[in-house]
Colleague: 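Take this structure, written in structure tokens, and hold onto it; I'll ask about it next.
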Amino acid sequence: MSRDPFALALEALHTGHVTDAAERFERIAALDPAGARAEDADYLAVVSWMRAGRPERVRDAAARYLARHPRGFRRREVEVVARMVGGDR
């Protein structure tokens with residue numbers, strides 16, 4: 001039986017495999033952008049790239065979150081992160 005992709009991405013994040021987690025979350029959101037976990041996956045991609053120390057990827061992930069979820073639950077947090085990494089240009 002295959003495991004839930006979201007659970008696998010969370011496990012990667014919680015065990016310090018942050019690049020793997022970010023890529024998994026991005027894939028989840030891209031495959032089903034209107035899905036129940038898409039907003040969470042987009043947000044957790046931002047978090048994962050931050051933990052990976054990849055500002056260019058944080059910027060891209062934040063822009064994607066804000067475009068897909070303009071009224072998203074984590075919008076304000078993501079806006080702050082985007083400004084921190086220079087995504088407000």
Side-chain angles (χ1 to χ4, degrees):
M1 175 164 75
S2 64
R3 292 192 47 208
D4 172 36
F6 194 86
L8 290 171
L10 277 176
E11 182 179 319
L13 179 60
H14 291 305
T15 58
H17 298 95
V18 292
T19 299
D20 181 43
E23 291 169 348
R24 287 175 182 269
F25 286 126
E26 287 184 343
R27 198 165 32 252
I28 290 164
L31 289 172
D32 191 8
R37 291 184 167 168
E39 183 178 347
D40 290 335
D42 278 330
Y43 172 72
L44 289 169
V46 174
V47 170
S48 298
W49 287 123
M50 284 178 54
R51 291 186 185 177
R54 300 282 303 273
E56 71 287 351
R57 299 300 296 264
V58 174
R59 209 172 10 259
D60 293 344
R64 202 167 26 257
Y65 177 94
L66 294 170
R68 289 180 180 164
H69 315 285
R71 292 188 175 98
F73 184 71
R74 300 284 188 186
R75 178 180 54 88
R76 293 196 195 283
E77 285 178 62
V78 173
E79 288 172 338
V80 169
V81 168
R83 283 194 297 277
M84 286 174 34
V85 297
D88 61 342
R89 297 177 198 173

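Since the structure is predicted, the reported quantities are computational estimates derived from the model, not experimental observations.
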Colleague: So which atom in Gly53 and which in Pro55 form the shortest heavy-atom distance, rounded to 0.1 Å?
Modeller: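 For Gly53 versus Pro55, the nearest heavy atoms are O-CD, 3.2 Å.
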Colleague: Is the backbone N or O of Ala45 less than 3.5 Å from a side-chain atom of Tyr65, with the two atoms forming a donor-acceptor pair by type?
Modeller: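 No, because the side chain of Tyr65 does not come within donor-acceptor range (under 3.5 Å) of the backbone of Ala45.
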Colleague: Does any pair with a residue in residues 41-51 pass salt bridge (charged side-chain N to carboxylate O under 4.0 Å, His left out), and if so which ones, sequence neighbours excluded?
Modeller: Asp42-Arg68
Colleague: Val18 and Trp49: side chain to side chain contact (heavy atoms under 4.5 Å, CB included), yes or no, with the steps?
Modeller: CA-CA 7 Å; Val18 292; Trp49 287 123; over 6 Å; no
Colleague: Yes or no on side chain to side chain contact (heavy atoms under 4.5 Å, CB included) for Leu10 and Leu44, after CA distance, side-chain angles and deciding distance?
Modeller: CA-CA 9 Å; Leu10 277 176; Leu44 289 169; 3.9 Å; yes
Colleague: Decide, yes or no, whether a salt bridge links Arg54 with Glu56 under the criterion of side-chain N to carboxylate O below 4.0 Å.
Modeller: yes
Colleague: Are Tyr43 and Leu66 grouped together when hydrophobic residues (ILVMFWY) are joined by side-chain heavy atoms under 4.5 angstrom apart?
Modeller: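 Looking at the clustering, Leu66 is in the same group as Tyr43.
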Colleague: Passes ring pair (Phe, Tyr, Trp, His ring centres under 6.0 Å), Phe25 versus Phe6? Steps please.
Modeller: CA-CA 7 Å; Phe25 286 126; Phe6 194 86; 5.6 Å; yes
Colleague: Enumerate the salt bridge (charged side-chain N to carboxylate O under 4.0 Å, His left out) contacts for residues 6-26, please, sequence neighbours excluded, ordered by first and then second residue.
Modeller: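 For residues 6-26, and leaving out neighbouring residues, the salt bridge (charged side-chain N to carboxylate O under 4.0 Å, His left out) pairs sorted by first residue read Arg3-Glu11, Asp20-Arg24, Glu26-Arg57, Glu26-Arg64.
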Colleague: Minimum heavy-atom separation for Ala41 to Ile28, with atom names?
Modeller: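 The pair with the smallest heavy-atom distance is CB-CG2, 3.9 Å.
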Colleague: Testing the basics here: between Ala9 and Ala21, what is the closest heavy-atom pair and its distance to 0.1 Å?
Modeller: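 Smallest interatomic distance, heavy atoms only, reads O-CB, 3.6 Å.
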